[in-house]
Amino acid sequence: MRQEDIWDADAAERYDTPGVGMFAPEVLGPTVDRLATLAGGGAALEFAVGTGRVAVPLAERGVPVAGIELSTAMLGRLRTKVDEATLPVVVGDMATAVAPGAYSLVYLVFNTIANLLTQAEQVACFRNAARHLDPGGRFVIELWVPELRQLPPGRQATVWHCEPGYLGLDTYNVLHQRVVSHHFRFGEGTEARLFRTPHRYVWPAELDLMAQLAGFELESRHADWAGGEFTAESRSHVSVYRLP
């Protein structure tokens with residue numbers, strides 16, 4: 001499964017869920033607030049900008065925002081919201097593509113660094129972020145914590161969400177640090193619709209080492225965008241890395 005094939009026109013059309021899920025005000029509001037603060041009056045670059053869930057409201061806050069996006073279908077959806085002059089986007093891989101200009105903030109939200117399926121690609125992503133940043137600039141990553149404690153011997157999958165009409169489960173390959181997320185949506189009938197995405201999971205400590213290889217230092221780590229304490233029980237984290 002290639003990312004550019006996964007995020008096709010059908011996926012792009014179904015991605016936005018205004019007012020609920022990732023687009024709920026209680027989710028999106030703290031994200032945009034924190035990123036606007038971290039930009040510190042400078043420009044921001046979003047890796048894997050997608051349909052602009054975060055970039056559009058961040059730009060509306062007065063932060064100059066640009067993006068890098070691999071999927072032309074997702075970019076097409078973004079263009080129904082804002083034009084190129086308002087939010088310029090380079091089509092390409094976030095590990096290698098270069099956006100013009102320099103930035104005080106580069107950010108990756110909602111687990112997207114895990115879309116890069118090798119350690120080398122993930123390290124390259126850090127180095128690409130550093131390439132775009134001014135001295136003292138920040139790279140922010142939102143990422144889930146692998147739920148390997150939920151896997152007893154012989155078990156290869158975890159159910160991470162269950163609600164009427166939706167079931168989310170992950171299948172793990174612990175040898176290669178791979179996980180495939182399965183999203184099942186169903187109604188009253190006997191059939192379900194499946195959407196799958198492959199990832200390479202990364203522990204926070206491994207992420208910190210990748211940052212060091214690219215010249216970053218860990219500035220802060222919280223359990224959420226609102227600044228909650230990160231603990232051993234946290235299911236995700238927002239990590240802020242800074243260049244000297």
Side-chain angles (χ1 to χ4, degrees), residues 3-116 124-134 136-143 197 225 238-241 243:
Q3 294 296 338
E4 55 265 45
D5 296 329
I6 294 168
W7 301 105
D8 58 11
D10 183 55
E13 183 178 354
R14 292 184 287 106
Y15 187 79
D16 289 0
T17 56
V20 300
M22 296 184 299
F23 290 79
E26 63 269 22
V27 175
L28 197 51
T31 305
V32 174
D33 288 345
R34 180 84 169 121
L35 291 172
T37 299
L38 289 171
L45 174 64
E46 180 171 351
F47 283 178
V49 67
T51 68
R53 178 182 71 93
V54 173
V56 171
L58 185 60
E60 290 172 349
R61 288 280 296 270
V63 178
V65 183
I68 292 175
E69 175 56 48
L70 184 63
S71 166
T72 56
M74 297 288 276
L75 177 55
R77 185 81 175 178
L78 170 62
R79 286 290 167 250
T80 67
K81 306 172 185 178
V82 293
D83 59 19
E84 176 72 16
T86 303
L87 208 164
V89 176
V90 172
V91 177
D93 188 326
M94 60 184 168
T96 56
V98 177
Y103 303 87
S104 64
L105 176 69
V106 176
Y107 65 93
L108 260 175
V109 296
F110 204 60
N111 309 322
T112 315
I113 194 169
N115 290 1
L116 299 170
C125 183
F126 270 91
R127 288 176 170 152
N128 198 29
R131 183 181 301 124
H132 285 90
L133 285 168
D134 290 321
R138 295 180 172 97
F139 184 31
V140 182
I141 294 178
E142 177 187 23
L143 187 62
T197 54
W225 290 101
V238 175
S239 296
V240 180
Y241 299 97
L243 290 177

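Starting from 1, each residue takes its place in the sequence as its number.
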Less than 4.5 Å apart, side chain to side chain, heavy atoms only: is that true for [X] and [Y]?
{"X": "Phe23", "Y": "Arg53", "result": "yes"}
{"X": "Ile68", "Y": "Val89", "result": "no"}
{"X": "Leu116", "Y": "Met94", "result": "yes"}
{"X": "Val54", "Y": "Phe110", "result": "no"}
{"X": "Leu28", "Y": "Pro57", "result": "yes"}
{"X": "Leu45", "Y": "Val65", "result": "no"}
{"X": "Val90", "Y": "Glu69", "result": "no"}
{"X": "Ile113", "Y": "Glu142", "result": "no"}

If you take all heavy atoms of [X] and [Y], which pair is closest and at what distance?
{"X": "Leu78", "Y": "Gly52", "value": "CD1-CA, 3.7 Å"}
{"X": "Ala102", "Y": "Asp134", "value": "CB-OD1, 3.2 Å"}
{"X": "Val106", "Y": "His132", "value": "CG2-CB, 4.2 Å"}
{"X": "Leu108", "Y": "Ala48", "value": "CD2-CB, 4.3 Å"}
{"X": "Gly42", "Y": "Pro64", "value": "O-CD, 3.7 Å"}
{"X": "Phe139", "Y": "Leu133", "value": "N-CD1, 4.2 Å"}

Would you confirm whether [X], through its side chain, and [Y], through its main-chain N or O, come within 3.5 Å as a donor-acceptor pair?
{"X": "Arg34", "Y": "Thr37", "value": "no"}
{"X": "Lys81", "Y": "Thr51", "value": "yes"}
{"X": "Asn128", "Y": "Val98", "value": "no"}

Yes or no on side chain to side chain contact (heavy atoms under 4.5 Å, CB included) for Val238 and Ile141, after CA distance, side-chain angles and deciding distance? CA-CA 6 Å; Val238 175; Ile141 294 178; over 6 Å; no
Considering residues at least two apart in sequence or located in another chain, which fulfil the side chain to side chain donor-acceptor pair (under 3.5 Å) criterion with Asp10? Arg14, Arg193
Partners passing side chain to side chain donor-acceptor pair (under 3.5 Å) against Thr86 (at least two apart in sequence or in another chain): Asp83
Check the pair Val63, Leu35 against side chain to side chain contact (heavy atoms under 4.5 Å, CB included), reporting the backbone distance first and the verdict last. CA-CA 9 Å; Val63 178; Leu35 291 172; over 6 Å; no
Begin from the C-alpha positions of Trp225 and Val140 and carry the test side chain to side chain contact (heavy atoms under 4.5 Å, CB included) through to its verdict. CA-CA 11 Å; Trp225 290 101; Val140 182; 3.7 Å; yes
Nearest 0.5 Å, what's the CE-OH distance between Met74 and Tyr15? 5.0 Å
So side-chain hydrogen bond (donor to acceptor under 3.5 Å, both in side chains) across residues 94-115, not counting sequence neighbours, yields Glu46-Tyr107, Asn115-His199
